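Quantities reported herein were computed from a predicted structural model and do not represent experimental measurements.
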Amino acid sequence: MGRDGVLKPMDAEQLRENAHKMVDFIADYYKNIETFPVLSQVEPGYLRDLLPHSAPDQPESLQNILDDIQAKILPGVTHWQSPNYFAYFPSNSSVAGFLGEMLSAGINMVGFSWITSPAATELEMIVLDWLAKLLKLPDHFLSTGQGGGVIQGTASEAVLVVLLAARDKVLRITGKDALGKLVVYCSDQTHSALQKACQIAGIHPGNCRVLKTESCNDYSLSPETFEQAISTDVASGLIPLLLCATVGTTSSTAVDPLLELGKITKMKGIWLHVDAAYAGSACVCPEFRHYIDGVEEADSFNMNAHKWFLTNFDCSALWVKDRSALIHSLSTNPEFLKNKASQENLVVDYKDWQIPLGRRFRSLKLWMVLRLYGLENLQSYIRNHIQLAATFESFVTEDPRFEVVAPRKFALVCFRLLPPSHKDEDCSNQLNRDLLDAVNATGKAFVSHTALSGRYVVRFAIGAPLTEESHIIEAWKIFQEVATVLLKSLKMNHTRPLN
Ligand code: PLP
């Protein structure tokens with residue numbers, strides 16, 4: 001508060017003092033992160049009774065608020081950065097990412113057009129060119145050509161904007177009335193983000209072809225199945241629009257064959273979007289780069305740097321081959337945003353590459369990550385997780401009570417506990433549900449599940465920045481102990497006489 005009684009909300013010295021306290025608080029949080037149950041154990045609605053029913057009239061001290069965070073908020077947090085976090089996919093933080101996020105919050109500009117903060121636009125272009133080169137993406141994805149990269153918030157936004165671009169590119173030729181004829185292709189392993197994008201983009205619900213995958217193909221999309229679907233649709237007078245192929249599917253990290261699929265999309269004039277939200281990070285290692293061979297034929301490519309590339313949420317990198325398609329679809333030009341640089345077409349205005357107008361300075365954190373760590377450290381970070389996953393996989397295969405359900409490619413192990421009688425699928429599914437619930441209830445590990453070929457499967461995803469070998473050894477012990485208890489009680493129930 002100033003001497004005149006007027007709030008001074010951005011006083012530099014107050015920032016220095018309070019931000020130091022906050023950094024100390026966060027550093028202590030990381031120091032003690034293993035003392036919390038990794039999956040929050042609170043009940044729904046737990047917070048309402050712990051906090052006042054209305055906002056305060058008078059200021060409170062930072063210390064009081066930090067005390068509340070410790071006592072009331074942290075119990076309701078699931079600790080994604082805990083070394084015992086193995087659920088979904090990781091969502092990395094790092095010191096570098098944190099510093100970038102902090103700087104972005106500090107500068108707090110809104111960089112929708114070049115003029116609103118030239119550095120924000122230009123750094124984003126440069127950093128995405130850097131990352132494209134690390135991934136050995138084709139030159140047409142670089143900002144120096146017809147395409148370029150842009151940071152979206154999430155992979156869901158990335159697939160939505162490319163679907164809109166692809167849709168409008170076709171409708172400009174066919175006329176808007178053809179909207180009902182456009183067909184979007186994916187596999188039954190594609191992330192539900194595509195379905196949501198189709199709903200928003202007005203794709204007829206009957207025209208989303210969810211093509212079946214098979215366990216014998218490791219759940220990857222078969223080019224023959226794709227080609228057949230196209231032929232059937234074309235014969236019915238429909239217009240194939242876009243294929244969303246995935247490198248590293250959410251359920252089992254399956255990899256769709258981009259080379260073969262890309263040949264088909266190129267021949268048929270279908271937009272190929274590659275969703276490598278999770279596994280894209282691994283492709284900075286030469287030995288894993290082959291998973292995106294064929295990306296040369298793609299129209300767009302997406303990876304989430306916030307998943308497994310040490311860049312704090314959110315930072316979803318999207319590259320497009322033809323930026324004009326995005327701009328055609330998403331640009332607006334109201335009087336109040338007009339400026340010389342934009343009018344003269346000298347600059348990139350990222351507002352025309354995304355849904356919202358406002359945008360944060362997200363490239364700072366990716367830039368920090370790339371500069372403070374360097375490629376070699378990032379590669380060994382990824383390799384270490386993949387090695388840990390191989391170790392965990394060997395634990396599973398060595399215990400005959402369990403089976404690995406899908407081949408491991410990256411740092412996700414999909415497995416299940418076998419029921420005593422190998423025949424009953426319902427029993428097996430319930431057993432694995434119980435296994436997952438019991439492991440998560442310990443608070444010592446957090447895992448999630450999926451369904452593969454109708455079977456309930458446990459997903460063990462390694463990738464939190466603090467995870468070490470000791471953590472996966474401990475987690476496996478918990479799985480084994482819980483399995484022993486569950487199998488014993490199953491046996492007892494089986495032998496108990498019916499009354
Ligand atoms: N695509 C894949 C393969 C994913 O695994 C995920 C999330 O895990 C998504 C898309 C959606 O990601 P986002 O939360 O960034 O929209």
Closest heavy-atom contact between [X] and [Y]?
| X | Y | answer |
| --- | --- | --- |
| Leu258 | Ala245 | CD2-CB, 3.8 Å |
| Leu135 | Gly280 | CD2-O, 3.3 Å |
| Cys208 | Ile203 | SG-CG2, 4.0 Å |
| Ala279 | Val247 | CB-O, 3.4 Å |
| Met125 | Ser143 | CE-CB, 4.0 Å |
| Trp353 | Leu330 | C-CD1, 3.7 Å |

Quick one: do the [X] and [Y] side chains pair a donor with an acceptor below 3.5 Å?
| X | Y | result |
| --- | --- | --- |
| Ser428 | Arg416 | yes |
| Ser252 | Arg459 | no |
| Ser316 | Asn302 | yes |
| Asp188 | Thr213 | yes |
| Asn217 | Ser222 | no |
| Ser192 | Gln195 | no |
| Ser300 | Trp271 | yes |
| Gln430 | Asp426 | no |

Can you tell whether the side chains of [X] and [Y] come within less than 4.0 Å, N to carboxylate O?
| X | Y | result |
| --- | --- | --- |
| Glu260 | Lys263 | no |
| Glu124 | Lys365 | no |
| Arg323 | Asp352 | no |
| Arg455 | Glu403 | yes |
| Glu101 | Arg362 | no |
| Lys181 | Asp177 | no |

*asked:* What verdict does the side-chain contact (heavy atoms from CB on, under 4.5 Å) test give for Ser187 and Thr246, after you've listed the backbone C-alpha separation in whole Å, the side-chain angles of each residue and the deciding distance to 0.1 Å?
replied: CA-CA 9 Å; Ser187 88; Thr246 309; 5.8 Å; no
Could you check if a side-chain atom of [X] sits within less than 4.5 angstrom of a side-chain atom of [Y], using non-hydrogen atoms only?
| X | Y | value |
| --- | --- | --- |
| Leu466 | Tyr30 | yes |
| Thr253 | Arg408 | no |
| Phe226 | Leu243 | yes |
| Ser94 | Thr311 | no |
| Val255 | Ser220 | no |
| Val162 | Leu164 | no |

_Stepwise side-chain contact (heavy atoms from CB on, under 4.5 Å) check, Phe395 with Val413_ = CA-CA 11 Å; Phe395 296 159; Val413 182; over 6 Å; no
Atom pair [atom1] ([X]) and [atom2] ([Y]), whose distance is rounded to the nearest 0.5 Å:
| X | Y | atom1 | atom2 | value |
| --- | --- | --- | --- | --- |
| Thr190 | His273 | OG1 | NE2 | 10.0 Å |
| Ile33 | Ser82 | CD1 | OG | 5.5 Å |
| Leu259 | Glu297 | CG | CD | 8.0 Å |
| Ile327 | Asp322 | CD1 | CG | 8.5 Å |
| Lys307 | Thr154 | NZ | OG1 | 8.5 Å |
| Asn84 | Leu39 | CG | CG | 12.0 Å |

*When the aromatic ring centroids of Phe392 and Phe415 are compared, is their separation below 6.0 Å?*
yes
_Using ring centroids (six-membered ring only for Trp), state whether Trp367 and Phe361 fall under 6.0 Å._
no
_Val482 vs Val439, side-chain contact (heavy atoms from CB on, under 4.5 Å): CA-CA, chis, key distance, verdict_ = CA-CA 7 Å; Val482 171; Val439 168; 4.1 Å; yes
Can you tell me if [X] uses its side chain to pair, donor with acceptor, with the backbone of [Y] under 3.5 Å?
| X | Y | answer |
| --- | --- | --- |
| Thr442 | Ala438 | no |
| Thr35 | Asn32 | yes |
| Gln81 | Ser93 | yes |

*In terms of the angle between their ring planes, are Tyr88 and Trp80 parallel, tilted or perpendicular, with boundaries placed at 30° and 60°?*
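Rings of Tyr88 and Trp80: parallel, under 30°.
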*Parallel, tilted or perpendicular: rings of His449 and Tyr456 (30°, 60°)*: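 Aromatic pair Tyr456/His449 classed parallel.
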*Step through the shown structure and confirm whether more than 12 heavy atoms of other residues, nucleotides or ligands are within 6.0 Å of NE2 on His140.*
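Buried by this count: over 12 neighbours within 6.0 Å.
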*Has Glu34 got more than 12 heavy atoms of other residues, nucleotides or ligands less than 6.0 Å from its CD?*
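Above 12, so yes.
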*For Tyr219 and Asp256, run side-chain hydrogen bond (donor to acceptor under 3.5 Å, both in side chains): C-alpha distance rounded to whole Å, both residues' side-chain angles, the deciding distance at 0.1 Å, then the answer.*
CA-CA 8 Å; Tyr219 300 102; Asp256 291 335; over 6 Å; no
*ring pair (Phe, Tyr, Trp, His ring centres under 6.0 Å): which pairs involve residues 276-296, sequence neighbours left out?*
Phe89-Tyr278, Tyr278-Trp308, Tyr291-Phe410
*side-chain contact (heavy atoms from CB on, under 4.5 Å) partner of Leu261, the single match among Val274, Ile270, Leu221*: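 When Val274, Ile270, Leu221 are each tested with Leu261, the side-chain contact (heavy atoms from CB on, under 4.5 Å) holds only for Leu221.
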*asked:* Would Glu469 and Gln387 count as a side-chain contact (heavy atoms from CB on, under 4.5 Å) here? Give the steps.
replied: CA-CA 10 Å; Glu469 190 171 36; Gln387 186 50 49; over 6 Å; no
*asked:* If the test is ring pair (Phe, Tyr, Trp, His ring centres under 6.0 Å), which one of Tyr29, Phe86, Tyr85 qualifies with His79?
replied: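 Exactly one pass, corresponding to Tyr29.
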